[in-house]
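Every chain is numbered from 1, with letters handed out A, B, ... down the list of sequences. Scope of the values below: all heavy atoms of this structure, side chains included, with no hydrogens, waters or symmetry mates.
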2 protein chains.
Amino acid sequence: MSVQERKERERASRERLIVATARELAEQQGWDAVTTRRLAERIEYSQPVLYSHFRGKREIIGAVALEGATEMAAALRAAASDADGRRARVAALAHAYLEFAERNPAVYDALFQLDGGLAFAQEDTPEPLKDAFAALLETLGEVAGEGVHPALFTELFWSALHGLATLTRAGRLLPEGAEQRLDLLVERLAVL
Amino acid sequence: MSVQERKERERASRERLIVATARELAEQQGWDAVTTRRLAERIEYSQPVLYSHFRGKREIIGAVALEGATEMAAALRAAASDADGRRARVAALAHAYLEFAERNPAVYDALFQLDGGLAFAQEDTPEPLKDAFAALLETLGEVAGEGVHPALFTELFWSALHGLATLTRAGRLLPEGAEQRLDLLVERLAVL
DNA sequence: CTCGATTGTCTAGCGGTGCTAGAATCGAGG
DNA sequence: CCTCGATTCTAGCACCGCTAGACAATCGAG
């Protein structure tokens with residue numbers, strides 16, 4: 001049975017290669033440049049191989065998104081745990097969120113902008129996505145204020161962060177005010 | 001010279017037809033369905049005619065976006081002027097914004113989600129876009145609070161609305177909480 | 001050790017996209 | 001009515017996501 005195990009290992013490793021290459025290509029040249037032909041060429045296999053791992057391009061985007069969600073959750077938790085006090089924790093969390101979006105634009109797009117075929121806010125939502133939301137909830141739930149449902153507050157705060165992230169990156173907001181907008185968001189929205 | 005004038009009128013009218021048809025098709029079947037072939041067929045001309053009016057598909061999206069921006073500005077001003085008192089005005093504005101996004105998803109996408117080749121937050125930003133932001137600023141500037149720059153406050157509030165609009169439509173937020181999230185946003189962010 | 005079956009991969013191609021060169025057609029002015 | 005410039009169309013380019021079917025490599029049985 002060792003032969004079969006080796007094959008499965010190789011197959012799994014090739015799948016990781018596909019996802020990593022897609023992500024790399026997307027970060028370098030944007031998702032438009034991630035075509036099945038270019039991706040196949042980079043991993044040094046033919047196009048149909050991609051389809052033996054994923055149903056189509058959507059699923060590849062989805063795989064990058066899941067990978068990114070795990071990293072994002074970790075980054076958010078790390079930022080929150082490095083800060084002392086509720087105010088500092090919320091500020092650090094918000095800052096970490098926007099920094100992740102800025103440093104990994106392709107991953108952020110895969111998560112929230114493109115169609116990766118992922119379910120959200122439902123029962124069959126993949127674990128990494130739920131966990132990323134949970135990472136937000138852990139810190140933001142503390143500052144929802146009395147009588148306000150923590151999850152609902154988190155959704156609102158998250159929406160604001162998402163809006164800042166996307167509008168900033170699309171050049172819709174002047175970059176100069178970024179820090180002030182973030183301060184104001186934390187100050188006003190959170191009950192400290 | 002009347003012949004030439006007639007031709008110019010006809011040309012302008014055909015351009016309006018292109019934009020209106022693109023918008024209609026996008027609202028009906030999504031922007032993916034708006035291909036140059038389908039669009040050409042609907043206006044009963046061949047593809048190259050599109051390119052005698054617009055540089056390419058991007059510019060057509062941009063034209064829909066500008067049309068939408070004008071309408072949005074009007075809708076926001078109408079909602080604000082119908083309400084009495086600052087709190088009600090801000091709530092009405094926010095509600096009108098989200099309603100516009102929900103009822104005109106294709107236009108909203110053209111404005112903020114797709115690349116219509118439009119400049120933002122710059123000197124050469126088209127007038128309708130500046131005006132839509134101005135419509136937000138007129139109402140939101142009043143509730144920025146002391147020592148907070150009205151434009152910066154408006155950018156933040158707008159970001160939150162944009163986040164709510166996009167995440168809701170992408171199925172990332174549960175629709176049930178929409179009203180509560182909106183109330184909370186107005187209550188917390190605005191200084192009433 | 002050979003041979004058939006199974007598995008894996010590739011070549012080639014389908015119908016679609018945005019966009020454009022050059023042919024064909026139209027219509028206004030002489 | 002005819003000419004000639006402006007307008008519109010036909011046909012085609014290179015690329016897209018995706019897949020059928022040919023081919024090669026590997027495995028297990030005799």
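- Residue B/Thr36 places none of its side-chain N or O atoms closer than 4.0 Å to OP1 or OP2 of C/dC19.
- Residue A/Thr35 places at least one side-chain N or O closer than 4.0 Å to OP1 or OP2 of D/dC16.
- Atom P of nucleotide C/dG16 and atom NZ of B/Lys57 are separated by 15 Å, given to the nearest angstrom.
- At its two ends the helix from C/dC1-D/dG30 to C/dG30-D/dC1 runs along axes set 30° apart, each axis drawn from five pairs and the angle rounded to 10°.
- Rounded to a whole Å, the CD atom of B/Glu10 is 16 Å from the P atom of C/dC26.
- The stretch residues 22-34 of chain A touches DNA chain D through A/Val34, each having a heavy atom within less than 4.0 Å of the strand.
- Within the 4.5 Å cutoff, the side chain of A/Ser159 has no heavy atoms near those of the B/Arg172 side chain.
- Put simply, CD on A/Glu41 is 15 Å from C1' on D/dC16, counting in whole angstrom units.
- Residues satisfying the ring-ring contact (aromatic ring centres under 6.0 Å, His included) criterion with A/Phe54, sequence neighbours excluded, are absent altogether.
- Among the atoms of the strands shown, none is found under 4.0 Å from any heavy atom of B/Arg58.
- Side-chain N or O atoms of A/Thr125 include one that pairs as donor or acceptor with a backbone N or O of A/Gln122 at under 3.5 Å.
- Not a single donor-acceptor pair, N or O on each side, falls under 3.5 Å between the base of C/dG16 and the side chain of B/Arg37.
- Between B/Glu71 atom CD and B/Leu76 atom CG the span is 11.5 Å, to the nearest 0.5 Å.
- The two residues A/Val34 and A/Ala22 have their closest heavy-atom pair at CG2-O, 3.8 Å.
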Could you walk me through whether A/Trp31 and A/Val64 pass the side-chain contact (heavy atoms from CB on, under 4.5 Å) test, one step at a time? CA-CA 11 Å; A/Trp31 277 105; A/Val64 172; 3.9 Å; yes
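- Contact check for B/Phe157 versus B/Val143: no side-chain heavy atoms found under the 4.5 Å cut-off.
- For B/Tyr108, the ring-ring contact (aromatic ring centres under 6.0 Å, His included) partners two or more places apart in sequence, or in a different chain, are B/Tyr97, B/Phe112, B/His162.
- Between B/Tyr51 and C/dT20 there is no side-chain N or O to OP1 or OP2 distance below 4.0 Å.
- For A/Leu50 and C/dG8, the CG to C1' distance is 15 Å, given to the nearest whole Å.
- Nearest heavy-atom pair across A/Val186 and A/Arg87 is CG1-O, 4.4 Å.
- The separation between A/Glu15 atom CD and C/dG8 atom P is 14 Å, rounded to whole Å.
- Using a 4.5 Å heavy-atom threshold, the side chains of B/Val19 and B/His53 count as separate.
- Proximity of A/Arg55 to the phosphate of D/dC18: no side-chain N or O atom is located under 4.0 Å from OP1 or OP2.
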Strictly under 4.0 angstrom, non-hydrogen atoms only: write out the protein contact profile of nucleotides 4-11 of chain D, one letter per nucleotide from the 5' end, B, S or -. ----SBB-
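- Scanning for side-chain contact (heavy atoms from CB on, under 4.5 Å) contacts around B/Glu179 gives an empty result, with sequence neighbours left out.
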